[in-house]
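Notes follow once the structure below has been shown.
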Amino acid sequence: MTDQTKSPAFATLAVHAGATPDPSTGARVTPIYQTTSFVFNDADHAASLFGLQAFGNIYTRIGNPTQAVLEQRVAALEGATAALAVASGHAAQFLAFHTLLESGDEFVAGRQLYGGSINQFNHSFKKFNWNVIWADSTKPETFEKAITPKTKALFCESIANPGGVIVDLAAIGAIAKKHGIPLIVDNTLATPYLVKPKDHGADIIVHSATKFLGGHGNSIGGILVDCGTFDWIKAGNRYPTLTAPNASYNGMVLAETFGNFAFAIAARVMGLRDIGPAIAPFNAFLITTGMETLPLRMRQHCDNAQAAAEHLSRHPKVAWVNYAGLPDNPYNALQKKISPKGAGAVFTFGLKGGYEAGVKFVAGLELFSHLANIGDVRSLVIHPASTTHSQLSKEERAAAGAGDDVVRLSIGIEDKADIIADLDKALAAV
Ligand SMILES: *Cc1c(COP(=O)(O)O)cnc(C)c1O
């Protein structure tokens with residue numbers, strides 16, 4: 001007898017979650033619903049949709065059936081109650097904070113973050129008077145020290161881009177729980193295949209779907225995930241978007257009406273409705289298609305990255321390799337605990353020859369593409385000192401982990417031997 005209560009496994013959910021054959025045509029793959037708007041049955045139907053008394057499609061800025069498949073699939077893979085797909089990873093972060101913070105509020109973020117997130121928090125968020133307090137993701141206690149009565153969220157990455165830091169999510173999650181503050185985890189580099197932040201105490205997860213979820217370097221997209229774990233009402237009046245009577249919905253209290261998926265609803269009906277970073281149905285379709293092979297790709301990405309890191313660590317022209325999958329790496333024990341299936345595909349290493357060697361190494365690669373992205377099936381490389389960080393001084397670059405000798409790789413799913421041969425050829429040219 002089969003156990004009917006057991007939910008399908010990860011690889012099955014990656015292919016099927018959220019999708020059924022199209023009800024009107026029988027199309028097996030959910031079509032790209034390339035439409036701005038949806039016809040109402042009658043005036044009562046329209047009124048109930050607008051009043052949030054019924055779920056349904058109104059206008060693609062707020063939701064679309066192709067987008068809904070992507071949302072349900074990510075929610076299923078993260079073990080969460082609901083998700084919201086938006087135009088980019090940065091839009092997802094923006095809407096997460098827009099839902100939680102009022103002007104004058106603070107949040108604590110670990111400083112080991114994607115550079116774009118550091119810019120967003122330090123500069124654009126300041127215009128809204130949302131104030132970031134920096135902590136150290138490698139020292140969970142620094143999050144607790146930074147908490148004040150104004151703190152409305154904690155934020156970190158699970159595997160931090162690009163230094164290969166594995167973050168002790170459970171330790172930060174315990175601090176969040178103790179203080180009654182939601183923990184937001186950027187799970188872009190790990191994906192739910194490697195790390196399920198909800199199991200370690202995350203309440204909200206954000207993704208740049210541009211990277212491994214879509215996986216093919218063809219679409220920008222982002223996802224917010226509501227784990228359904230945070231009790232907004234218990235937090236009193238600290239999160240008014242969720243708990244104050246909503247003047248634009250006839251005084252409805254979103255946390256009372258929508259319970260354990262109220263955060264996802266609030267991000268949609270306030271954030272997406274009013275700020276507007278909707279994902280194009282075509283991009284949602286491409287990212288959903290990419291996710292069908294997420295487990296296969298992540299296995300190959302990790303296997304190739306482990307082999308490339310081991311190979312580089314033995315090479316005479318390489319000074320150091322920062323990959324948590326290497327036994328002598330300071331994060332190797334945490335990786336085995338938090339991300340046991342692999343250490344991801346993005347890591348940095350240092351060339352003995354410094355700046356000149358970095359430039360020559362990148363020029364000598366053929367299979368690897370020199371560009372500013374990660375999480376593509378193709379292998380990618382960037383030399384931060386001569387590109388993304390070239391406007392900084394030598395000292396500033398070193399402090400940002402982008403010293404002259406640093407090269408960042410995002411290992412693709414090509415044949416392992418071809419990847420290693422390309423690295424060797426470029427190293428020979430240095
Ligand atoms: C790329 C990236 C982002 C930003 O996502 P976009 O889709 O480019 O807006 C955020 N966090 C991490 C870890 C990323 O790699």
Side-chain angles (χ1 to χ4, degrees), residues 67 70 74 78 83-98 107 109-125 132 137 153 155-167 169 184-195 197 202 204-225 267 271-272 275-280 282-284 286-288 290-291 298 301 305 324 339 343-348 371-376 380-382 384 387-389 400-402 408-412:
Q67 174 192 345
L70 172 58
V74 176
E78 290 283 14
L84 177 66
V86 294
S88 68
H90 270 5
Q93 291 172 194
F94 186 89
L95 290 197
F97 287 101
H98 180 262
F107 64 102
R111 72 171 71 86
Q112 293 80 356
L113 290 185
Y114 171 67
S117 301
I118 296 174
N119 277 335
Q120 186 188 46
F121 296 174
N122 271 340
H123 303 297
S124 288
F125 278 15
V132 61
S137 296
F155 186 97
C156 65
E157 292 182 15
S158 46
I159 299 182
N161 175 2
V165 175
I166 308 282
V167 177
L169 295 180
I184 308 173
V185 173
D186 180 341
N187 202 28
T188 298
L189 263 73
T191 82
Y193 177 75
L194 293 179
V195 180
I204 293 161
I205 301 162
V206 291
H207 279 280
S208 170
T210 312
K211 316 292 170 52
F212 295 97
L213 290 184
H216 293 73
N218 58 23
S219 320
I220 302 277
I223 318 270
L224 291 108
V225 180
L272 197 49
I275 311 294
I279 188 167
F282 186 49
N283 281 16
L286 289 173
I287 293 166
T288 305
M291 283 179 61
M298 289 310 288
H301 276 299
S339 185
V346 179
F347 67 92
T348 53
L371 51 72
N373 191 26
I374 56 168
D376 191 323
L380 313 174
V381 63
I382 200 159
T387 55
T388 50
H389 291 66
R408 185 186 76 191
L409 302 177
S410 174
I411 303 292

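We're numbering straight along the sequence, starting at 1. Just so you know, ligand 1 is whichever comes first in the structure, and atom 1 is the first atom listed for that ligand. Predicted, not measured: the structure shown is a model, and the values here were computed from it.
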Could you go through ligand 1 and list every pair where one of its N or O atoms sits under 3.5 Å from a protein N or O, giving the atom names and the distance to one decimal?
unit_1: ligand 1; atom_1: 5 (O); unit_2: Ser208; atom_2: OG; d: 3.0
unit_1: ligand 1; atom_1: 7 (O); unit_2: Gly89; atom_2: N; d: 2.9
unit_1: ligand 1; atom_1: 7 (O); unit_2: Ser208; atom_2: OG; d: 2.8
unit_1: ligand 1; atom_1: 7 (O); unit_2: Thr210; atom_2: OG1; d: 2.7
unit_1: ligand 1; atom_1: 9 (O); unit_2: Gly89; atom_2: N; d: 3.1
unit_1: ligand 1; atom_1: 9 (O); unit_2: His90; atom_2: N; d: 2.9
unit_1: ligand 1; atom_1: 11 (N); unit_2: Asp186; atom_2: OD2; d: 2.7
unit_1: ligand 1; atom_1: 15 (O); unit_2: Asn161; atom_2: ND2; d: 3.3
unit_1: ligand 1; atom_1: 15 (O); unit_2: Lys211; atom_2: NZ; d: 2.7

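- Between Tyr114 and His90, some side-chain heavy-atom pair lies under the 4.5 Å cut-off.
- Put simply, CD1 on Ile159 and OG on Ser339 are 4.0 Å apart, with the number rounded to the nearest 0.5 Å.
- A distance of 10.0 Å separates CD in Glu78 from CD1 in Ile223, rounded to the nearest 0.5 Å.
- Evaluation of the side chain to side chain donor-acceptor pair (under 3.5 Å) rule for Ser137 yields Gln112 as partners, not counting sequence neighbours.
- Residues Glu157 and Val165 have side chains not in contact (no heavy-atom distance under 4.5 Å, counting atoms from C-beta outward).
- Ring centers of Phe121 and Phe155: under 6.0 Å apart, within the cut-off.
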